[in-house]
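Working notes for the structure below.
Residue numbers start at 1 and run along the sequence shown. Model, not experiment: these values are computed from the prediction.
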Amino acid sequence: GDVIITGTFRSVTPLINRLHVNTFAGGDGTAGKPFQIADTARLSKIQYAADKNYQSTANIIAPKTVLSNITLTGSIDGNGKTISNYVLNSTVNNTGFLAAIATTGSVKNLLFSNISVTGKDYTGGLTAVNNGTITNVTVAGNVVGANYVAAIAGNNFGSISSCDASNASVNGLNYMATFAGNTNSGSSQTANVVLSAPITFLTEAYGVAGTKNISFAFTPATGTIVVQSVPTGFTTSVAGQIVTLNAPAGFISGAMQLS
């Protein structure tokens, strides 16, 4: 905002000076002169003016922000800087570093390192919902949710391109993806990979005596199955989407866990 300073001396015409002040290291929030973000405190200030333009000027470690509640209608230019050790634990849907990016919003040139984001449906490392433009964003760390979970956006209506999730671990119940868990008509997500299983995924297998092959259909077909645990005496092997069970003599029933 502006501070107006008036100086007077006897009958001399008053001297009036206008001083513009802001909380950031520089800039005025316009596209040509974005506000400069150099620390966690300034990063958190985005919540009060989500329609402005911002640019990172330094790496930020372990930010404690409340941006997971805002919709970004302006822009964030990471300027190649890194936000590291960010932690967000939530028990609700639509969870992310940002709640949403509007159609007018954009995020670019930003890196996230060693982050941990946990939510439910539509959880994304960067944002829960993207309606805008995300370009050249890297996410490394852990993103955990239920359905539609991704390193970048849980639910994408906009554009995601030139992003990197190669060092992100994404875990959930179904529709886990590199960049966008759920994709919608008109959206674009270059090189997105979604791991999904049918709603009627096999939970019971009968007739297991001796050797039996069981097929598990999921996409992409190039995904891998890992046998986590088996009943006592069982041996297993995996080839693509087929798990071969070898039951011991005397086997009646038991549980096994796959991932």
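Here the straight-line distance linking atom OH of Y175 with atom OH of Y148 works out to 5.0 Å at 0.5 Å rounding. Note that OG of S215 is 7.5 Å distant from CD1 of I225, once rounded to the nearest 0.5 Å. Here the CD1 atom belonging to I37 is positioned 5.0 Å from the OG atom belonging to S56, to the nearest 0.5 angstrom. Annotation: the span from T57 atom OG1 to Q36 atom CD amounts to 5.5 Å, rounded to 0.5 Å. The distance from atom CG of L126 to atom CG of L110, rounded to the nearest 0.5 Å, is 7.0 Å. Atom OH of Y86 sits about 12.0 Å away from atom CD1 of I60, to the nearest 0.5 Å.
Closest approach of P63 and S84 over heavy atoms only: CD-O, 3.4 Å. Heavy atoms only, all atoms of each residue included: S68 and G96 are closest at CB-O, 3.2 Å. Nearest approach of I134 to T127, heavy atoms of both residues: CD1-CG2, 4.1 Å. Between A168 and A151, the shortest heavy-atom distance links the atoms CB-CB, 3.8 Å. The minimum heavy-atom distance between T95 and A128, with the atom names listed, is N-CB, 3.4 Å. Listed here is the closest heavy atom pair of G74 and N53: C-OD1, 4.4 Å.
Residue pairs meeting the side-chain hydrogen bond (donor to acceptor under 3.5 Å, both in side chains) criterion with at least one partner in residues 108-117, sequence neighbours excluded, are D77-N109, N85-N114, N109-N136. Identified under the side-chain hydrogen bond (donor to acceptor under 3.5 Å, both in side chains) test for residues 229-248, with sequence neighbours left out: T211-N246, N213-T244, T235-N246.
Every residue two or more places apart in sequence or in another chain that forms a salt bridge (Lys or Arg N to Asp or Glu O under 4.0 Å) with D39 is listed here: R42. Residues satisfying the side chain to side chain contact (heavy atoms under 4.5 Å, CB included) criterion with S188, sequence neighbours excluded, are S159. Not counting sequence neighbours, F179 has no partner by the ring-ring contact (aromatic ring centres under 6.0 Å, His included) test. Under the side chain to side chain donor-acceptor pair (under 3.5 Å) criterion, S169 pairs with N171, not counting sequence neighbours. Annotation: side chain to side chain contact (heavy atoms under 4.5 Å, CB included) contacts of T183 (sequence neighbours excluded): A180, S187, Q189, N192. The side chain to side chain contact (heavy atoms under 4.5 Å, CB included) test applied to A50 returns I70, not counting sequence neighbours. For A99, the side chain to side chain contact (heavy atoms under 4.5 Å, CB included) criterion is met by no residue, not counting sequence neighbours. Every residue two or more places apart in sequence or in another chain that forms a side chain to side chain donor-acceptor pair (under 3.5 Å) with N147 is listed here: D121. Residues satisfying the ring-ring contact (aromatic ring centres under 6.0 Å, His included) test with Y54, not counting sequence neighbours, are F24, F35.
The main-chain N or O of T118 is never found under 3.5 Å from a side-chain atom of N89 such that the two would form a donor-acceptor pair. The backbone N or O of V92 lies less than 3.5 Å from a partner atom in the side chain of S90, making a donor-acceptor pair. With hydrogens and angles disregarded, a donor-acceptor distance shorter than 3.5 Å links the side chain of T104 to the backbone of T73.
With a 4.5 Å cut-off on side-chain heavy atoms, F234 and L245 count as touching. The side-chain heavy atoms of V144 and T123, taken from C-beta on, include no pair separated by under 4.5 Å. The closest side-chain heavy-atom distance from V227 to M256 is below 4.5 Å.
One hydrophobic cluster holds both V139 and I76 under the rule that ILVMFWY side chains link at heavy-atom gaps under 4.5 Å. In the hydrophobic clustering of this structure, V137 groups with L72; members are Ile, Leu, Val, Met, Phe, Trp, Tyr whose side-chain heavy atoms approach within less than 4.5 Å, directly or through other members. The hydrophobic cluster containing V170 does not contain F97, counting ILVMFWY residues as joined when their side-chain heavy atoms lie under 4.5 angstrom apart, directly or transitively. Both L98 and I115 belong to a single network of hydrophobic side chains, linked directly or stepwise wherever heavy atoms of I, L, V, M, F, W or Y lie under 4.5 Å apart. Cluster annotation: V193 and I160 are assigned to distinct hydrophobic clusters (Ile/Leu/Val/Met/Phe/Trp/Tyr, side-chain heavy-atom contacts under 4.5 Å, transitive).
Within a 6.0 Å radius of CG in L173, more than 12 heavy atoms belonging to other residues, nucleotides or ligands are found. Surrounding NZ of K81 are more than 12 heavy atoms belonging to other residues, nucleotides or ligands, all under 6.0 Å away.
With side-chain heavy atoms closer than 4.5 Å counting as contact, directly or through intermediates, the hydrophobic cluster containing F157 also holds V129.
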What verdict does the side chain to side chain contact (heavy atoms under 4.5 Å, CB included) test give for L43 and I83, after you've listed the backbone C-alpha separation in whole Å, the side-chain angles of each residue and the deciding distance to 0.1 Å?
CA-CA 10 Å; L43 183 65; I83 295 174; 4.2 Å; yes
